[in-house]
**Student:** 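For reference, the structure I am asking about is given below.
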Amino acid sequence: MMYLKMQFVSKIVGSTVIALVLLGSGDSSIAKSPQLVKTNFLVSDKQLDNSFWSNHSDISQLKSLTFTDISGVRGEKEIQQLAELGVLETTSSEFQPLASITRGQFVVWLLKTYNKLHREPIRLPQGTLSAFPDVPSSHPHFTFIQAAHDAGYLAGFEDGNFRPDEVLTREQMIVLKTRLDTNVAPSTRSPNNLRNFIGKTKGFTDANQISERYLLHIAFDLGNGASNFNFARVYGKTRIFAPQKAVTRAEAAIILSRFRKGGTVERSLQRRSR
């Protein structure tokens with residue numbers, strides 16, 4: 001009795017898997033020529049996890065996503081590069097670049113990108129003990145939120161919660177990103193002094209709307225090159241900070257495209273292709 005034997009060499013393009021199938025049988029004398037098979041099904045990093053890719057090294061470098069709704073969007077290049085880097089997860093071919101991003105999802109992208117660009121990655125927790133009551137081990141973003149906390153980058157709110165499912169605001173994004181770019185030393189400057197620097201020296205007309213707890217990191221980002229000038233890279237020369245405005249997924253991709261010490265996502269991809 002003969003049986004069908006199939007061997008795959010696959011490449012993922014967008015939400016489509018292109019597979020080169022080597023068809024044969026138990027009897028090697030009737031092996032057929034390779035055939036190109038196009039198989040349509042949605043893929044995501046959850047479905048194709050690290051164990052899958054490590055066990056299929058022949059296709060591990062070919063994982064990629066192509067989105068159908070980012071053409072012409074500011075941040076298109078950065079979105080595609082994060083996808084090529086393996087940071088983004090999706091269950092469809094749409095990225096929804098103008099949709100808001102949650103605090104939890106941003107931390108996931110933040111740590112994934114950081115770990116891929118830096119020689120010393122932030123270690124992921126092995127246990128299930130949570131630092132935040134509202135981020136149990138069953139939460140989909142628990143691993144990365146807990147890792148960021150363990151590394152000293154997250155403190156949560158005054159009530160002890162992290163609020164992972166709330167929309168990320170501009171002021172929160174700048175603080176989270178700046179903390180991973182540089183160690184901002186405590187300042188002796190008063191909140192009023194920091195607010196005056198942001199408003200009068202840097203010219204932001206809504207400096208009085210920035211939450212006091214975020215003033216130090218925002219002032220550092222606006223006035224110190226060591227911060228990587230995160231706000232300016234995302235929002236340009238505007239002098240309206242809009243601190244409580246929701247961050248879009250495209251804006252999140254732009255800010256994650258460069259780290260002060262880790263370099264750029266683009267450069268990392270170039271090194272991989274050599």
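Heavy atoms only: backbone and side chains are in, while hydrogens, waters and symmetry mates are out. One is the number of the first residue; the rest follow in order along the sequence.
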**Student:** Which heavy atom of P191 sits nearest to which heavy atom of L215, and what is that distance?
**Tutor:**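 Minimum heavy-atom contact is O-CD1, 3.6 Å.
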**Student:** To the nearest 0.5 Å, how far apart are CG in L124 and CG in L111?
**Tutor:** 7.5 Å
**Student:** Backbone N or O of L194 within a donor-acceptor pair of the R189 side chain at under 3.5 Å?
**Tutor:** no
**Student:** Side chains of L256 and V265: closer than 4.5 Å at any heavy-atom pair?
**Tutor:** no
**Student:** In Å, rounded to the nearest 0.5 Å, how long is the span from OG1 of T205 to CZ of R239?
**Tutor:** 10.0 Å
**Student:** Does the Lys NZ or Arg CZ of R249 fall within the cation-pi geometry relative to F95 - under 6.0 Å from the ring centre and within 45° of the axis?
**Tutor:** yes
**Student:** Kindly compute the distance separating CD1 (I70) from NZ (K77), expressed to the nearest 0.5 Å.
**Tutor:** 12.5 Å
**Student:** Give the minimum heavy-atom separation between Q80 and T66, together with the two atoms involved.
**Tutor:** OE1-CA, 4.0 Å
**Student:** Taking all non-hydrogen atoms of both residues into account, name the closest pair between I254 and R74 and its distance.
**Tutor:** CD1-NH1, 3.4 Å
**Student:** Please, which pairs that meet ring-ring contact (aromatic ring centres under 6.0 Å, His included) have at least one residue in residues 156-175, sequence neighbours excluded?
**Tutor:**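 Checked against ring-ring contact (aromatic ring centres under 6.0 Å, His included) - neighbours excluded - the pairs reaching residues 156-175 are F132-F162.
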**Student:** Grouping I, L, V, M, F, W and Y whenever their side-chain heavy atoms are under 4.5 Å apart, do Y235 and F106 come out in a common cluster?
**Tutor:**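 Yes, Y235 and F106 fall within the same hydrophobic cluster.
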**Student:** With a 4.5 Å limit on heavy-atom distance, are the side chains of V234 and R170 in contact?
**Tutor:** no
**Student:** My understanding is that only one of K177, E166, R103 makes a side-chain hydrogen bond (donor to acceptor under 3.5 Å, both in side chains) with Q172; could you say which?
**Tutor:**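 Going through K177, E166, R103 one by one, the side-chain hydrogen bond (donor to acceptor under 3.5 Å, both in side chains) with Q172 is satisfied by R103 alone.
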**Student:** Mind checking the CG-CZ spacing from D150 to R123? Nearest 0.5 Å is all I need.
**Tutor:**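 One gets 11.5 Å once the value is rounded to the nearest 0.5 Å.
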**Student:** Could you tell me whether R195 atom CZ has more than 12 heavy atoms of other residues or ligands within 6.0 Å of it?
**Tutor:**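 It does: R195 CZ has more than 12 such atoms within range.
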**Student:** Mind checking the CG-CE spacing from L110 to M173? Nearest 0.5 Å is all I need.
**Tutor:**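 Going from the CG atom of L110 to the CE atom of M173 covers 10.5 Å.
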**Student:** Tell me whether I255 shares a hydrophobic cluster with V167, the cluster being built from Ile, Leu, Val, Met, Phe, Trp, Tyr side chains joined at under 4.5 Å.
**Tutor:** no
**Student:** What residues form a side-chain hydrogen bond (donor to acceptor under 3.5 Å, both in side chains) with R163, not counting sequence neighbours?
**Tutor:** D159
**Student:** Could you report the tightest heavy-atom contact between H217 and V184, atom names first, then the distance?
**Tutor:** CD2-CG2, 3.7 Å
**Student:** Around atom NZ of K116, are there more than 12 heavy atoms of other residues, nucleotides or ligands at under 6.0 Å?
**Tutor:**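 Enclosed: over 12 neighbouring heavy atoms sit under 6.0 Å from NZ of K116.
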**Student:** Is there a donor in the side chain of R233 and an acceptor in the side chain of N230, or the other way round, less than 3.5 Å apart?
**Tutor:** yes
**Student:** Between D134 and P164, is there a side-chain heavy-atom distance shorter than 4.5 Å?
**Tutor:** yes
**Student:** Is the shortest heavy-atom distance from the side chain of I174 to the side chain of Y214 under 4.5 Å?
**Tutor:** no
**Student:** If you count every heavy atom of other residues, nucleotides or ligands that lies below 6.0 Å from N183 atom CG, does the total exceed 12?
**Tutor:** no
**Student:** Can a donor-acceptor pair be found, under 3.5 Å and without considering hydrogens, that links the side chain of T178 to the backbone of V175?
**Tutor:** no
**Student:** Strictly under 6.0 Å, is that where the ring centroids of F231 and F204 end up?
**Tutor:** yes
**Student:** Report, as yes or no, whether the 6.0 Å neighbourhood of atom CD on Q270 holds more than 12 heavy atoms from other residues, nucleotides or ligands.
**Tutor:**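 More than 12 heavy atoms, drawn from other residues, nucleotides or ligands, come within 6.0 Å of this atom.
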**Student:** Using a cut-off of 6.0 Å, state whether more than 12 heavy atoms not belonging to I240 lie near its atom CD1.
**Tutor:**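 At most 12 heavy atoms, drawn from other residues, nucleotides or ligands, come within 6.0 Å of this atom.
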**Student:** Go through the steps for E158 and R213 under the test side chain to side chain contact (heavy atoms under 4.5 Å, CB included), then give the verdict.
**Tutor:** CA-CA 11 Å; E158 290 83 353; R213 65 187 307 222; 4.1 Å; yes
**Student:** May I ask you to test the F229-D181 pair for a side-chain heavy-atom distance under 4.5 Å?
**Tutor:** no
**Student:** Does any N or O in the side chain of Q81 come within less than 3.5 Å of the main-chain N or O of L269, such that one atom is a donor and the other an acceptor?
**Tutor:** no
**Student:** Is the shortest heavy-atom distance from the side chain of T201 to the side chain of N196 under 4.5 Å?
**Tutor:** no
**Student:** Has the side chain of Q244 got a donor or acceptor atom that lies under 3.5 Å from a matching backbone atom of Q209?
**Tutor:**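 Between the backbone of Q209 and the side chain of Q244 there is a qualifying donor-acceptor contact (under 3.5 Å).
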**Student:** Mind listing the closest non-hydrogen atom pair of I122 and A147 along with its distance?
**Tutor:**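 Taking every non-hydrogen atom into account, CG2-O, 3.8 Å.
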**Student:** On a heavy-atom basis, which atom in R260 and which in T182 lie closest, and how many Å separate them?
**Tutor:** NH1-OG1, 3.5 Å
**Student:** Any side-chain heavy atom of I101 within less than 4.5 Å of one from W109?
**Tutor:**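 Heavy-atom side-chain distance check passes, below 4.5 Å.
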**Student:** According to a hydrophobic-cluster definition based on side-chain heavy atoms being under 4.5 Å apart (Ile, Leu, Val, Met, Phe, Trp, Tyr only), do F67 and V73 belong together?
**Tutor:**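 In one cluster: no.
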**Student:** Look at the side chain of S130 and the backbone N and O of V135, then say whether any donor-acceptor pair between them is shorter than 3.5 Å.
**Tutor:** yes
**Student:** Would you call the rings of H141 and H139 parallel, tilted or perpendicular, taking 30° and 60° as the class edges?
**Tutor:** tilted
**Student:** Less than 4.5 Å apart, any side-chain heavy atom of T169 and any of P243?
**Tutor:**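 No, their side chains stay 4.5 Å or more apart.
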**Student:** Output yes when a side-chain donor or acceptor of E251 lies under 3.5 Å from a complementary backbone atom of T248, and no otherwise.
**Tutor:**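 Side chain of E251 to backbone of T248: a pair is present.
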**Student:** Roughly how far apart are I218 CD1 and I210 CD1, rounded to 0.5 Å?
**Tutor:**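 These two atoms lie 4.5 Å from each other.
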